[in-house]
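Per chain, numbering begins at 1; letters A, B, ... match sequence-line order.
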Amino acid sequence: MKISNVQIKEQGKQSNQLSSLFKEMLNLQSEYQMRVSDESLRYLRRLQGIAAPATPGTVVIPKKGTLLSGSGSFGKPIEINLEIENIQKSYSYILPMLTPLISPSGVTWYAIADYLPANLLIPPNSSKSLRVILDVPSDLPSDVYHGSLTLEGFLKGALPVAVTIQKQKNVKQLAKKPAPKPLSKRRKKP
Amino acid sequence: MKQSSKINLADKDSACPRSTKNLLASLHSRLTILRYISGGEALGSIIAGMAKLGKEVSQTTEGLRLRNALESKHHTSNGRALWQKLRISDWLGNTIPSPVLDQLQNDVALVLSNDLHSELQAFTVYDRPTTCLTDDMGKIEIDYLDVTIGLWAYSRYFIRIIEDLASTSIETNTFKMDTIKKILI
């Protein structure tokens, strides 16, 4: 029996096509298996999450319409006071942090805040006060800035904050005013 | 100008208040569940919880400042490359995040409570922890204070490293040596 070159080439083509088809099928199958295992893992994790032990937690309940507010201008630090009462049967630990403050015109103020005290440990059924002091930068436009004070670890822990920066007429004058002369130069000559 | 507001800290679920009994039960159930899940799942859950906390804190001014300082650094791109190649994000993304701060708050409240001893007397523990080492194999006694001080030292070390990473400029060999020297000193 004679086999021509053409026949061999055709057979080769057919076997190549078959192998590529087989490869594709294998790829599809392995991809499918991967997806199935991924999805089943995800499903099991979700189940595990449902079955996870409950963790007693704390929520922050502000008095109705609570808005932490303060006002000031350059050179006058703004002070925001907050009274925190722990009405639980256990101690609570507070670590306050402020979010960036944004004005309606779109100016974002990354305020440098001092928290006094920096953290609070409040015994059950007692209260403590927290002071947040903000330094106003000289180039901050006057406006009302909104943000929030977060108490990390507490659900619904963010309290709305509104800070009003007042116009200061003498800012330019203050900036232009020359620095006072050193004491040695101020002395009158005899 | 001073203005004052008042807030209350209350229980998330009135059916499960933060009483000493419930805090003790919560800690016990966390320890018990370790027998039924793998080490990878337990560790992944804690790290995923920290990542969730990191996302939340990144919305605050301090968190955002730290994130921005870290963002442009050489080590962040290295870290992200590791994250991708070792598929760490896939592992953590499929894990239920633990409420790490809630748990820490509860554990602190538990050790501060005045009625812990009486609650412990009434509390029954059915499980016994499994151990691999026996006394003659070099098993060591680990005290509560060992862990507390170890955690303090580890956290201090960690904070210094992260703050150094945020403040340092990229070139890295000098940085590594400086950081290591500082920490060792």
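- The minimum heavy-atom distance between Ile133(A) and Glu79(A), with the atom names listed, is CG1-CG, 4.0 Å.
- Smallest separation of non-hydrogen atoms from Val144(A) and Pro104(A): O-CD, 3.1 Å.
- Ranked by non-hydrogen atom pairs under 4.5 Å with chain A, the options Ala25(B), Ala10(B), Cys16(B) are led by Ala10(B).
- Proximity to chain A (any heavy atom under 4.5 Å) is restricted, for Leu64(B), to the side chain, taken from C-beta onward.
- For a residue to count as touching a neighbouring chain, one of its non-hydrogen atoms must lie under 4.5 Å from one of that chain's; by this rule Ala111(A) touches chain B with the backbone only.
- A pairwise comparison of heavy atoms in Tyr110(A) and Arg65(B) identifies O-NH2, 2.9 Å as the closest pair.
- Applying the salt bridge (charged side-chain N to carboxylate O under 4.0 Å, His left out) rule to pairs touching residues 74-92 of chain B yields Glu71(B)-Arg80(B), Arg87(B)-Asp90(B), sequence neighbours excluded.
- Against chain B, the residues from residues 119-127 of chain A that qualify, each with a non-hydrogen atom under 4.5 angstrom away, are Leu121(A), Ile122(A) in number order.
- Counting only distance, with no hydrogens or angles, the side chain of Asn22(B) and the backbone of Pro17(B) share a donor-acceptor pair below 3.5 Å.
- Of the two parts of Asn106(B), only the side chain, counted from C-beta on, holds a non-hydrogen atom closer than 4.5 Å to a non-hydrogen atom of chain A.
- Between Gly54(B) and Arg67(B) the shortest heavy-atom distance is O-NH1, 4.3 Å.
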_Evaluate Asp107(B) against Arg30(B) for salt bridge (Lys or Arg N to Asp or Glu O under 4.0 Å), listing each step before the verdict._
CA-CA 11 Å; Asp107(B) 296 346; Arg30(B) 264 183 280 148; 2.9 Å; yes
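- The two residues Pro137(A) and Phe74(A) come nearest to each other via the heavy atoms C-CD1, 3.8 Å.
- Within a 6.0 Å sphere centred on CD of Glu83(A), heavy atoms belonging to other residues, nucleotides or ligands number more than 12.
- When each of Val57(B), Asp13(B), Asn114(B), Val108(B) is checked for heavy-atom pairs under 4.5 Å with chain A, Val57(B) comes out on top.
- Taking chain A as the reference chain and counting heavy-atom pairs below 4.5 Å, the highest number among Leu27(B), Thr60(B), Thr61(B) is found for Thr61(B).
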